[in-house]
There are 2 protein chains.
Amino acid sequence: MDTINESESLAKYAKALSHPTRLAILKHLENQSCCCTGDLIELFPLAQSTISQHLKELKNAGLIQGELNPPKIKYCINQTHWQQAQVLFLQFFS
Amino acid sequence: MDTINESESLAKYAKALSHPTRLAILKHLENQSCCCTGDLIELFPLAQSTISQHLKELKNAGLIQGELNPPKIKYCINQTHWQQAQVLFLQFFS
DNA sequence: ATTAACTATCGTAAATTTACGATGGGTAGA
DNA sequence: TCTACCCATCGTAAATTTACGATAGTTAAT
């Protein structure tokens with residue numbers, strides 16, 4: 001990956017991490033390994049649609065992935081992109 | 001620092017890093033150790049006021065500091081907060 | 001005192017983000 | 001098929017972000 005794309009990727013990951021609720025969701029996923037939207041609704045004083053929106057942004061950034069687990073949807077960390085983000089932040093602060 | 005403040009601090013730092021221009025400014029400061037606004041204006045295809053605005057956000061986030069070096073203003077990385085950010089990101093991805 | 005150089009701030013417009021309620025879509029079981 | 005449950009998406013409003021040009025402020029030298 002060239003420098004420009006690295007910079008854009010890093011900015012994209014940073015943006016995903018730039019909201020406390022999204023940080024909390026990710027931290028929860030780190031502990032629980034996975035969870036569904038309903039679990040998060042009980043954790044945060046936010047509307048269901050708002051949680052869903054944050055999940056969508058995390059998914060768009062590539063940091064999480066969701067799979068069907070009827071009638072629920074199971075979200076977990078996308079290890080590939082997670083590790084890529086880790087490397088990029090590490091490099092940046094090196 | 002308790003968990004809540006750590007989360008807010010991390011979100012604040014992530015927000016500062018969430019724009020490619022600000023990432024580039026920081027990377028430039030890492031290489032040059034310091035620079036002034038004018039140097040950056042030549043590096044980016046952006047208006048002077050826009051650069052100044054990005055510098056202000058980086059300063060508000062605590063990642064850089066500026067000192068008078070008349071007739072210029074010399075910006076450099078705020079090592080204390082920089083290292084704190086580094087630790088917080090490291091912890092987060094641990 | 002004036003001027004020149006450098007940079008912050010103001011005012012503003014367009015785009016994006018964040019939040020909500022309401023609606024819609026999909027699946028499992030009755 | 002119908003219902004209940006879970007969740008995404010739509011529509012929307014308020015707040016924030018990003019960009020610009022224009023203006024104001026600060027310092028050094030004339």
Side-chain angles (χ1 to χ4, degrees), chain A residues 4 7-29 32 34-78, chain B residues 4 7-29 32 34-78:
Chain A
I4 291 178
S7 185
E8 283 178 4
S9 292
L10 185 52
K12 183 189 66 181
Y13 290 133
K15 196 171 184 180
L17 301 182
S18 72
H19 195 287
T21 298
R22 289 196 291 271
L23 283 179
I25 289 174
L26 289 171
K27 190 165 278 186
H28 189 252
L29 282 178
Q32 302 290 325
C34 67
C35 74
C36 60
T37 310
D39 300 341
L40 299 171
I41 293 171
E42 295 176 3
L43 283 177
F44 301 103
L46 294 170
Q48 178 261 322
S49 57
T50 303
I51 298 288
S52 202
Q53 207 168 323
H54 282 306
L55 287 170
K56 187 180 181 182
E57 288 189 40
L58 289 172
K59 203 166 52 182
N60 285 343
L63 290 175
I64 68 171
Q65 57 195 358
E67 61 179 88
L68 251 65
N69 190 25
K72 303 187 176 184
I73 294 181
K74 193 178 70 178
Y75 284 103
C76 56
I77 298 217
N78 181 316
Chain B
I4 290 178
S7 185
E8 283 177 5
S9 293
L10 185 52
K12 183 188 66 180
Y13 290 133
K15 197 172 183 178
L17 301 183
S18 73
H19 195 288
T21 299
R22 290 197 289 273
L23 283 179
I25 290 174
L26 290 171
K27 190 163 279 186
H28 189 252
L29 284 177
Q32 303 289 322
C34 66
C35 75
C36 59
T37 311
D39 300 340
L40 299 171
I41 293 171
E42 296 176 1
L43 283 177
F44 301 103
L46 294 170
Q48 178 262 322
S49 57
T50 305
I51 299 288
S52 203
Q53 208 169 324
H54 282 306
L55 287 171
K56 187 181 181 182
E57 289 189 42
L58 289 172
K59 203 166 52 182
N60 286 343
L63 290 175
I64 67 171
Q65 57 193 359
E67 63 179 86
L68 252 63
N69 189 26
K72 303 186 176 183
I73 294 181
K74 193 178 72 178
Y75 284 102
C76 56
I77 299 218
N78 181 316

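Quick caveat, the model's predicted, so the values are computed rather than measured. All chains are named by letter (A, B, ...) in the order of the sequence lines, taking the proteins before the strands, and each is independently numbered beginning at 1.
Applying the 4.0 Å criterion to OP1 and OP2 of C:dG26, one finds that A:Lys72 has every side-chain N and O outside that range.
Between the CG atom of A:Leu68 and the P atom of D:dC5 there is a distance of 19 Å, rounded to whole Å. Atom-to-atom, NZ of A:Lys15 to C1' of C:dT17 comes out at 8 Å; the value is rounded to the nearest Å. Separating the CD atom of A:Glu67 from the P atom of D:dC7 is a distance of 14 Å, rounded to the nearest angstrom. Computed from coordinates, the A:Lys56 NZ to C:dT16 P distance equals 14 Å when rounded to whole Å. At whole-Å resolution of the value, CD1 in A:Ile41 and P in D:dC5 are 14 Å apart. A straight line from CZ of A:Arg22 to P of C:dT18 spans 5 Å, rounded to a whole angstrom. Between the P atom of C:dT7 and the OH atom of B:Tyr75 lies a distance of 8 Å, rounded to the nearest Å. For the pair A:Asp39 CG and D:dC6 P, the computed distance is 10 Å after rounding to whole Å.
Minimum heavy-atom separation, B:Gln65 to B:Asn78: OE1-ND2, 3.5 Å. Of all the heavy atoms in B:Thr21 and B:Phe44, the pair that sits closest is O-CZ, 4.2 Å. Minimum interatomic distance between B:Lys12 and B:Ala61 (heavy atoms only, all atoms of both residues): CE-O, 3.5 Å. Of all heavy-atom pairs between A:Leu63 and A:Leu26, the closest is CD1-CD1, 4.2 Å.
Shown for residues 57-66 of chain A: no residue has heavy atoms falling under 4.0 angstrom of DNA chain D. Of the residues in residues 42-55 of chain A, those lying under 4.0 Å from DNA chain D by heavy-atom distance are A:Gln48, A:Ser49, A:Ser52.
When atom types are taken as modelled, the side chain of A:Ser52 and the backbone of A:Ser49 share no donor-acceptor pair closer than 3.5 angstrom. Looking only at distances, a side-chain donor or acceptor of A:Arg22 sits under 3.5 Å from a matching main-chain atom of A:Lys15.
Taking every side-chain heavy atom of A:Thr37 into account, D:dC7 is the closest of C:dT9, D:dC7, C:dT7.
To the nearest 0.5 Å, atom SG of residue B:Cys36 and atom CD1 of residue B:Ile41 are 8.5 Å apart. How far CG of B:Leu23 is from CG of A:Leu10: 5.0 Å, rounded to the nearest 0.5 Å.
Comparing A:Pro71 and A:His19, the nucleotide of DNA chain C nearest to each residue sits closer to the 5' end for A:His19.
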Derivation and outcome, side-chain contact (heavy atoms from CB on, under 4.5 Å), residues A:Leu55 and A:Leu40: CA-CA 10 Å; A:Leu55 287 170; A:Leu40 299 171; 3.8 Å; yes
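No engagement by A:Lys74 is indicated, since no non-hydrogen atom pair under 4.0 Å with the nucleic acid exists.
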